[in-house]
Amino acid sequence: MAQVAIVMGSNSDLPVVKGAMEKLKKFGVDFEAHVISAHRTPYQAEEFAKSAKEKGVKVIIAAAGKAAHLGGVIAAYTTLPVIALPIQTSLMGGLDSLLSMVQMPAGIPVATVAVNGADNAGILAVQMLALSDGVLAEKLEQFKEDMAAEVMKKDQLLQDELKKF
Ligand code: RP5
């Protein structure tokens, strides 16, 4: 059963959204994904959001660009946590998407990651699931340790370079 549902406003968002899918796959989290638009398919957006919880979904990732209302619209119809992923746009660089998602009025929170921050959307979803999943929590600990080791390795390389200056 999919614990995470990903919705994107258009299939043109998919190249970015794949980053979140890859992170979920890395942690062994099942997900489903759909193209649903808050503007072009508002009825489907409502239906999806209203039925997600009873289907067993625990976290929703909503990716969209431009006047990106998708996360807010989905959040309006469910009590599940919604992570919004603003997609970079050609005209305004994604600032339009970011502000449309992050500036939610009080009462309907949407957790917004960086423009094109798909990796973090995936990781944040895993962190939410890990609150009630010990195996996932351990995987996250290991993930952070591996990241720290990578940074320390890079620092060592820098120190070696500096010796040659
Ligand atoms: C949004 O409009 C989508 O999320 C996408 O980022 C943007 C452009 O969509 P297309 O015109 O490429 O379908 O709804």
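Numbering of ligands and ligand atoms starts at 1, following listing order.
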Q | Leu70, Asp13, Ile87, Thr41: member with heavy atom nearest to atom 6 (O) of ligand 1 | A | Asp13

Q: Using a strict cut-off of 4.0 Å, indicate which atoms of ligand 1 neighbour a heavy atom of Gly9.
A: 3 (C), 4 (O)

**Q.** Donor + acceptor pair across side chains of Thr79, Lys53 (<3.5 Å)
**A.** yes

Q | Residue Ser10 vicinity, atoms of ligand 1 by number, heavy atom under 4.0 Å | A | 3 (C), 4 (O), 5 (C), 9 (O), 10 (P), 12 (O), 13 (O)

Q) So with a 6.0 Å cut-off around CD of Glu32, is the heavy-atom count from everything else above 12? A) yes

Q. Side chain or backbone of Ala64 under 4.0 Å from ligand 1, or both, or neither, by non-hydrogen atoms?
A. both

Q | atom 1 (C) of ligand 1 - nearest protein heavy atom and its distance | A | Gly65 O, 3.5 Å

Q) How close do Leu24 and Val4 get, heavy atom to heavy atom, and via which atoms? A) CD1-CG1, 3.9 Å

Q: Treating Ile, Leu, Val, Met, Phe, Trp and Tyr as nodes and any side-chain heavy-atom pair under 4.5 angstrom as an edge, say whether Phe48 and Val59 lie in one connected cluster.
A: no

Q. Just wondering, more than 12 heavy atoms not from Lys55 lying within 6.0 Å of its NZ?
A. yes

Q) Mind checking whether Met8 has an N or O less than 3.5 Å away from an N or O of ligand 1? A) no

Q. Going by distance alone, is a donor N or O of one side chain under 3.5 Å from an acceptor N or O of the other, for Asp30 and Gln3?
A. no

Q: Mark the output for Arg40 as yes if a heavy-atom distance to ligand 1 is under 4.0 Å, and as no if none is.
A: yes

Q) If you measure every N/O of Ser12 against every N/O of ligand 1, is any gap under 3.5 Å? A) yes

